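Below is one structure; the comments refer to it alone.
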Amino acid sequence: MIGVKVKVINGGVLISQDLSCAGQVSTSVALPILGACGARPTVLPTAILSTHTGFKDNTYLDLSNEMSRIMSHWQKIDLEFKAIYLGYLGKEALDFWIKNIEQIIRTNQVVLIDPAMADHGKMYRGLDTDYIKKMRQLIFKATILTPNITEAAFLLNEDIPENSLEKAQVLAEKLVQRFAIPNVIITGITLSKDKIGEVGITKEGKWSIIQEKMPGDFFGTGDMFASAFLAAVLYGKNLEKSCAIAAEFVKLAIIDMDQKLESLFGPNYAAGLPWLLSELEK
């Protein structure tokens with residue numbers, strides 16, 4: 001990446017999600033991607049896992065008590081952020097954020113919430129319907145919400161519709177109206193064997209994007225997408241352009257991967273970083 005200019009984003013980004021010791025998901029991808037993009041990330045980890053929950057019998061250490069101590073210290077030193085990015089939280093950390101988010105939100109701050117809790121029609125292991133109810137309380141604070149189509153339906157307490165841009169747009173419109181969120185983007189909509197899309201109901205208007213779908217199903221692609229998307233937003237790109245950049249970045253991370261070996265561990269985000277940094281500067 002020699003010769004690629006990286007702008008330092010004043011104010012920095014607070015990332016709060018779990019840290020999986022093995023597997024390219026959550027903080028393990030958000031921190032290096034946003035750091036490489038000059039976002040000066042600060043981390044408030046919610047838990048430490050031996051692996052992400054796609055592996056069986058993973059260990060899980062809840063850090064919600066330590067999160068309170070960390071935030072208390074930040075308040076003493078007047079630490080503030082240009083953006084807050086909340087991803088996979090877990091039950092205890094979700095309670096923490098519902099209780100404490102008002103203490104850290106500031107005017108004109110980007111609050112990206114990726115309600116990472118479900119996919120392919122079912123909740124992630126260890127989460128339940130009570131988690132959905134609590135997530136509904138938290139997303140009122142989002143300025144940008146990026147659910148997949150399963151999460152969008154669960155948040156609205158509706159049946160999961162067929163995968164289509166039209167159905168996803170209806171869900172996005174309902175989320176905007178019901179939770180007073182200014183920008184909702186539904187991600188990772190599988191349209192066919194070789195097509196995938198996103199839809200946005202945002203301050204910029206209604207829009208949709210369709211890209212080539214790479215073969216395979218990988219853990220961590222949503223985390224990579226959200227991280228690259230936020231970097232583009234902080235560089236001043238509009239939300240539609242930011243979405244397109246993030247989708248292409250994920251595609252580049254998947255190309256030429258050994259799917260049998262890497263499905264659980266996640267795509268190689270490093271393969272797309274030179275392109276991402278160059279694209280952000282355009």
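Predicted, not measured: the structure shown is a model, and the values here were computed from it. Keep in mind that the numbers below use all heavy atoms, side chains included, and drop hydrogens, waters and symmetry copies.
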- request: Might you work through the side-chain contact (heavy atoms from CB on, under 4.5 Å) test for I84 and V13, ending with a clear yes or no?
  value: CA-CA 6 Å; I84 298 172; V13 175; over 6 Å; no
- request: Step by step, work out the side-chain contact (heavy atoms from CB on, under 4.5 Å) result for L86 and L138.
  value: CA-CA 10 Å; L86 306 183; L138 183 63; 4.1 Å; yes
side-chain contact (heavy atoms from CB on, under 4.5 Å) evaluation trace for Y269 with L276: CA-CA 10 Å; Y269 65 82; L276 176 61; over 6 Å; no
query: For K213 and K193, what are the C-alpha separation, side-chain angles and deciding distance, and is it a side-chain contact (heavy atoms from CB on, under 4.5 Å)?
result: CA-CA 7 Å; K213 183 181 184 299; K193 183 175 69 173; over 6 Å; no
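Within the 4.5 Å cutoff, side-chain heavy atoms of C37 are placed close to those of L280. Looking at T146 and I113, their side chains never come closer than 4.5 Å, going by heavy atoms from C-beta outward. I185 has its side chain out of reach of E240: every pair of non-hydrogen atoms, C-beta onward, lies at least 4.5 Å apart. The closest side-chain heavy-atom distance from L89 to T46 is below 4.5 Å. Taking the side chain as every heavy atom from C-beta outward, K206 and Q169 approach each other to under 4.5 Å.
Residue H73 holds its NE2 atom at 15.0 Å from OG of S68, rounded to the nearest 0.5 Å. Here the OG atom belonging to S208 is positioned 8.5 Å from the CD1 atom belonging to I189, to the nearest 0.5 angstrom. With rounding to the nearest 0.5 angstrom, the CD1 atom of I98 is 12.0 Å from the CZ atom of R136. Interatomic distance, CD1 of I139 versus NZ of K141, reported as 12.0 Å (0.5 Å rounding). Rounding to the nearest 0.5 angstrom, the gap separating the CD atom in Q17 from the CG atom in D114 is 8.0 Å. Going from atom CG of L175 over to atom CD1 of I201 covers 10.0 Å, rounded to the nearest 0.5 Å.
The pair E162-K167 does not count as a salt bridge, with every side-chain nitrogen at least 4.0 angstrom from each carboxylate oxygen. Ionic pairing of D128 and K91 is present here: one or more N-O contacts between side-chain nitrogen and carboxylate oxygen are shorter than 4.0 angstrom. The pair E279-K241 meets the salt-bridge criterion, since a charged nitrogen lies less than 4.0 angstrom from a carboxylate oxygen. Taking a cutoff of 4.0 Å between a charged side-chain nitrogen and a carboxylate oxygen, D95 and K99 do not qualify as a salt bridge.
Shortest non-hydrogen contact noted between E92 and Y60 is OE1-OH, 4.0 Å. Scanning all heavy atoms of the two residues, the minimum distance from K195 to I210 falls at CD-CG2, 4.0 Å. When all heavy atoms are compared, the tightest approach of A93 to M67 is CB-SD, 4.1 Å. Here the closest heavy-atom approach between residue G121 and residue T150 is recorded as N-OG1, 3.0 Å. Here the shortest heavy-atom pairing between M214 and I254 reads CB-CG2, 3.7 Å. The shortest heavy-atom contact between I149 and P161 is CD1-CG, 4.0 Å.
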Return a table of donor-acceptor pairs under 3.5 angstrom between the side chains of residues 152-160 and protein atoms on other chains or two or more places apart.
| from | atom 1 | to | atom 2 | distance (Å) |
| --- | --- | --- | --- | --- |
| E158 | OE1 | K174 | NZ | 3.4 |
| E158 | OE2 | K174 | NZ | 2.9 |

Considering only distance and modelled atom types, tabulate donor-acceptor pairs under 3.5 Å from the side chains of residues 218-233, sequence neighbours left out.
| from | atom 1 | to | atom 2 | distance (Å) |
| --- | --- | --- | --- | --- |
| D223 | OD2 | S26 | N | 2.8 |
| S227 | OG | D223 | O | 2.8 |

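By the side-chain contact (heavy atoms from CB on, under 4.5 Å) test, L19 pairs with T27, S28, sequence neighbours left out. E204 is linked by a salt bridge (charged side-chain N to carboxylate O under 4.0 Å, His left out) to nothing, counting only residues two or more places apart in sequence or in another chain.
Placement of L191 and I186 within a single hydrophobic cluster is found when ILVMFWY residues are connected by side-chain heavy-atom separations under 4.5 Å, directly or transitively. A continuous path of ILVMFWY side-chain contacts below 4.5 Å connects I33 to L252, so both sit in one hydrophobic cluster. Hydrophobic clustering (ILVMFWY, side-chain heavy atoms < 4.5 Å, transitive): L112 and I105 are in distinct clusters. Under a hydrophobic-cluster definition in which Ile, Leu, Val, Met, Phe, Trp and Tyr are linked whenever side-chain heavy atoms come within less than 4.5 Å, directly or via other members, M135 and I15 are assigned to different clusters. Residue I245 is grouped with residue L34 when hydrophobic side chains (ILVMFWY) are merged at heavy-atom distances under 4.5 angstrom, including chains of intermediate members.
Through side-chain heavy atoms spaced under 4.5 Å, either directly or across other Ile, Leu, Val, Met, Phe, Trp or Tyr residues, L31 is tied to V43.
Residue pairs satisfying the ring pair (Phe, Tyr, Trp, His ring centres under 6.0 Å) criterion with at least one member in residues 81-132, sequence neighbours excluded, are listed as follows: W74-F81.
Side-chain polar atoms of E80 and Q109 form no donor-acceptor pair below 3.5 angstrom. Side-chain N/O atoms of Q75 and Q103 include a donor and acceptor closer than 3.5 Å.
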